[in-house]
Every structure is written in C-alpha cells, then in structure tokens.
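Notes to accompany the following structure.
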There are 2 protein chains.
Amino acid sequence: MPKLVANEIATMLKKRISAGEWFQDGRMPPERDLAAEFGVARNTVRRAVGFLEEDGTVVRHVGRGTFLTATDPTSIAAMVSRMEGTSPADMMEIRQLLEPAAAAFAATNASATELNAVREAHQAACEASDMPDFEHWDAEFHHRVFACCRNDFLKEIHNLMRAIRNQSPWFEMKKRSFSEERRQVYCREHQALLDALVCRDPDGAKTAMLIHLKTVEKNLLGR
Amino acid sequence: MPKLVANEIATMLKKRISAGEWFQDGRMPPERDLAAEFGVARNTVRRAVGFLEEDGTVVRHVGRGTFLTATDPTSIAAMVSRMEGTSPADMMEIRQLLEPAAAAFAATNASATELNAVREAHQAACEASDMPDFEHWDAEFHHRVFACCRNDFLKEIHNLMRAIRNQSPWFEMKKRSFSEERRQVYCREHQALLDALVCRDPDGAKTAMLIHLKTVEKNLLGR
DNA sequence: CTACATTGGTTCAATATTGGATCAGATAAA
DNA sequence: TTTATCTGATCCAATATTGAACCAATGTAG
C-alpha cells in the first residue's frame, strides 16, 4: 500500500544509501537527527526507516543505531537502483549509441503493421496540443521504433531508459526545455526518420535518428 | 477562454499520467491542489478523478490520497524478469552494438590505473588453468573495459548483461563451446584490444572488440 | 563498577490532511 | 423556460503527522 510523507522520506533515504552516503561505517544517523534534518517528527522518520527495515536494506539495534546491511553490488536490484540515478548526460550518450542502431535495424526488420504504428505515434505527436500529450506520443514514437527491431533485449533496455526518464526530476527537466517551436522541430525530424524507415534505408534512418538525438541533447542539456 | 469541464480535466489528467508524471511514487496531488492548479472548483476535480476511478486507472483512499493503479508495464522488476529470458542471439547482437563503442570510449577516457586493471585481468585470463577460472577473468576483462568509459549508466547496462549471462543455461552453453584452442584465440584478441587501448586508439579498439565479439558469437552460436 | 548520555521501541492525545457528501446559487446551452 | 454543469461553501470520516513522554538496550566517561 502506498504511503505519504513517510514514503517520500524512505525514497530519499534509499537514494542517499545507493549514492553511497553512509557506506564508510555503514551506520545511519540517529532517528532524531534525521527527523531534524528532514523537518518532520521522529515518528514519521521511524515509519520511513521501518520500510527500509522491511525490505532488508537496514537493521536496527536499540542503543546502538541503524546500520546498512551489506548489499550485494552484483544483485540486479542494486544495479537498477544505481541506474535510477543516471545523469541526463550519461543517458543521452547511451541513447545516441543505441537509438541510431535501433533505427537501422528497424529499417530492415519492420513489418508494414509496425511501420504504421510508428506513423500513428508520429501523427499523434504532431497533433498534440500540450506538453504532456506531446511527451507521451514522442516517447511512444521512439518506443515503436524499438519495437520494430526484432530484438527483445534491446526493446527492454529501451523500456528501462524510458522508465528512468519518466521519473520526476526528468519530467521537470523536460517541461522546462519544452517549447512549441522545439516541438515542431522534433516533428520534422521524426518525419525524416519515418521517411527513411518506409524507404527501408538503414543508413538514412540511422543518420536521421542521430540528428534528432543531437537536437534533443542540445535542448535538454543546453549545449 | 474555453471553459474547463470535468471531462476535459479527466483527459488532461490521463495524458499526464501516461506521460509518466506521477509514477515515481504513484501518488497524485490532493484534489484541492489539483483544483487550484486547474483553476476550478474541487467538485469538478472530484468528478474528473471519479472518471479515472471508474476506468480503474486510479484508486482513492480517504485520508491518504489518490493513487495510480498502473504499475505493471513500466515496472522495472517486470522488465528485468523479461530480460532474464534474453536469447543468446539477441544478447550477442547488443554486445556487438555496445562493447565496440565502449572500447572506443575507453581508449580516450581510461586512466593509467584503469588500464592496468584491464591488463591484470587479461593476464589472469591468459594464465587461467580451467574453464570457470578463465570465464571469470574473461568477464572481468570486459567489465574493466566498461569501467574505463566514464559513463555509469553504460557500466550498469554491462553489469546487467553480465548477470544475465551468468545464469545457468548460459553457463552450460559457454562450457560446451569452450576449448583450449579457443581460449588462446580469445587471449590474442584481448591482447590486440589492450594494445589499442594503451595506444589511445579509439578506432583500433572498436575494431578489435568487434572482431573479438564476432569470434565469440561464432563459437557460441555455431555460425 | 557506577553514573550518565545515546539510541531505538512504544504509546497517546492533539492536530492536520485528504477524500466523501451535500446544498444553494450562478452560468450556459437547448 | 428548462436542463445541466460549475461554483463556493460546509461538514463528515478516515488516515497521517505531530509532539511528548517514558522504556530498554547499548556505549562511554569517571
């Protein structure tokens, strides 16, 4: 069941743990200190830490303190939690690695039905009236390109990237960098990519995707 | 200025949900906040949210809040479990996409310390006496190349691939395809890659990695 | 060893937050 | 007009948070 402030505090604590905050001695600050730091009552911190105790990321001892359990860095859960802290710059670098290649795969592998799905997402993005609507169809467009690749693993990697980018700090960033002018540029670039796909032109698709991602990077990171 | 009706608000909310706005903890803002944000009475927001509740996209709890029900397709756990079923062919395709690029990054970004770590893993693999030992240092060699990339996300993707390949069906496959002769080929190819890295030759490193992975693919998939 | 400070464990009453429900009046469309 | 919808307001019920006090286990200084 979802929780409120306590849950948010638990999330913050997890982030700071996975960022390596208290790894030197594995000991967390006292609950009273955390309460003061977060500006909430100790009871609330206690609930938050209770959640961490439930998933076993932490153990508590009366009179001694709260300690991190030795998390296996090779566990998939640990990897995923580290991935969630991916910086926008790192993410864009990998997108520029994967997505042009995916576009090239798509040009040779896509079925007519799949290409139609890409086209539909493109048109919906072009007709979108506001930022969340456009954002949705933009993401859907990229996702449907990956769906054409016939490589399930690649598709899942893209799902992972999409999920990371859907987290709130990213959302704020995208909202800041959005403008009607940029939306129209994106639509033109999507169109170029779509054209290359229907022409079954792998190199053209690859190039079109790379150009598009360079634009996105410039808008998002401001460089 | 068009008037906001409950239905329109409902569709706006749906868009924002599908754009990933509140996925971080699945909790929507309080109705009173939404009412203020949309500049509309709370009753109207209540009807709008009521529609979302009817389609089951949302559940409401008195005193707690309104929560998204859609967790599944975007759940990271679900993605990872799908990834675990990745076929060797799909995996090799993505390795050939990522690892040559990673090798190129490594050639330009690696510190001397990191290059030494790569060399150590290479030597340990060359001196390995049995297949599990070699397998370990081989994986470690590739991992240390990724560690040179200065892109944490890329490093984690490689961790993920490594974890998947460490599962038992993969191990059996690797055991079948192993031979002393092949081990020596791998060592020579690793050496070529290492040489390119210490020469700070991105293109050479990329090519060496690609050649190596083609060999691995041929041995593993028999084609 | 003793005395004291620190820290997590527990409980309780008061307050704040949040969704649920209803009503009278205003506004707009048919 | 009639009908439907939105508004602004009020109260209720369920849940969360607060602030405080006290307990028990542990560590530390003397």
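Nothing here was measured: the structure is a model prediction, and the numbers come from that model. Numbered from 1 within each chain, the chains take letters A, B, ... in sequence-line order.
Listed pair Thr66(B) / dG19(C) meets the phosphate criterion, a side-chain N or O lying under 4.0 Å from OP1 or OP2. At the phosphate of dA16(D), neither OP1 nor OP2 sits under 4.0 Å from any side-chain N or O atom of Thr44(A). The phosphate of dG20(C) (OP1 or OP2) has a side-chain N or O of Arg60(B) nearer than 4.0 angstrom.
If you check dT7(C), dT18(C), dG8(C) against the side chain of Glu31(A), the one that comes closest is dG8(C).
Using five terminal pairs a side, the axes of the helix from dC1(C)-dG30(D) to dA30(C)-dT1(D) at its two ends make an angle of 30°, given in steps of 10 degrees.
The distance between atom CG of Asn7(B) and atom P of dA29(C), rounded to the nearest whole Å, is 17 Å. Separating the CZ atom of Phe67(A) from the P atom of dT6(C) is a distance of 16 Å, rounded to the nearest angstrom. A straight line from CZ of Arg46(B) to C1' of dA13(D) spans 12 Å, rounded to a whole angstrom. As rounded to whole Å, 14 Å separates atom P of dA16(D) from atom CD1 of Ile9(A). Between the CD atom of Glu8(B) and the P atom of dT5(D) there is a distance of 13 Å, given to the nearest Å. Per the geometry, CE belonging to Met28(A) stands 9 Å off P belonging to dG8(C), to the nearest Å.
Looking at residues two or more places apart in sequence or on another chain, you find a salt bridge (charged side-chain N to carboxylate O under 4.0 Å, His left out) between Arg42(A) and Glu31(A). Judged as a side-chain hydrogen bond (donor to acceptor under 3.5 Å, both in side chains), and not counting sequence neighbours, the contacts of Thr215(A) are Glu189(A). For the salt bridge (charged side-chain N to carboxylate O under 4.0 Å, His left out) test, residues two or more places apart in sequence or in another chain that qualify with Glu140(A) are Arg144(A), Arg162(A). Residues satisfying the salt bridge (charged side-chain N to carboxylate O under 4.0 Å, His left out) test with Glu37(B), not counting sequence neighbours, are Arg16(B). Every side chain to side chain contact (heavy atoms under 4.5 Å, CB included) that Asp195(A) has, sequence neighbours left out, goes to Gln191(A). Annotation: salt bridge (charged side-chain N to carboxylate O under 4.0 Å, His left out) contacts of Glu54(B) (sequence neighbours excluded): none.
Salt bridge Arg150(B)/Glu93(A): absent, no basic N to carboxylate O contact under 4.0 Å.
The residue Val40(A) sits close only to the backbone: its heavy atoms come under 4.0 Å of sugar-phosphate atoms, none of a base.
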Next on the checklist: Return a single string for nucleotides 20-30 of chain D, one symbol per nucleotide in 5' to 3' order, where B is base contact, S is sugar-phosphate-only contact and - is none, cutoff 4.0 angstrom on heavy atoms.
Outcome noted: BB--BBBS---
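Nearer the 5' end of DNA chain D, as judged by each residue's closest nucleotide, is the contact made by Arg47(B), out of Arg47(B) and Gly39(A).
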Pair up each side-chain donor or acceptor in residues 63-70 of chain A with any protein partner under 3.5 Å, not counting sequence neighbours, and list the distances.
from: Thr69(A); atom 1: OG1; to: Gly56(A); atom 2: O; distance (Å): 2.8
from: Thr69(A); atom 1: OG1; to: Thr57(A); atom 2: O; distance (Å): 3.4

Checklist entry - Between Met28(A) and Leu34(A), is a side chain to side chain contact (heavy atoms under 4.5 Å, CB included) present by the stated rule, with each step listed? => result CA-CA 9 Å; Met28(A) 282 178 59; Leu34(A) 288 175; 3.8 Å; yes
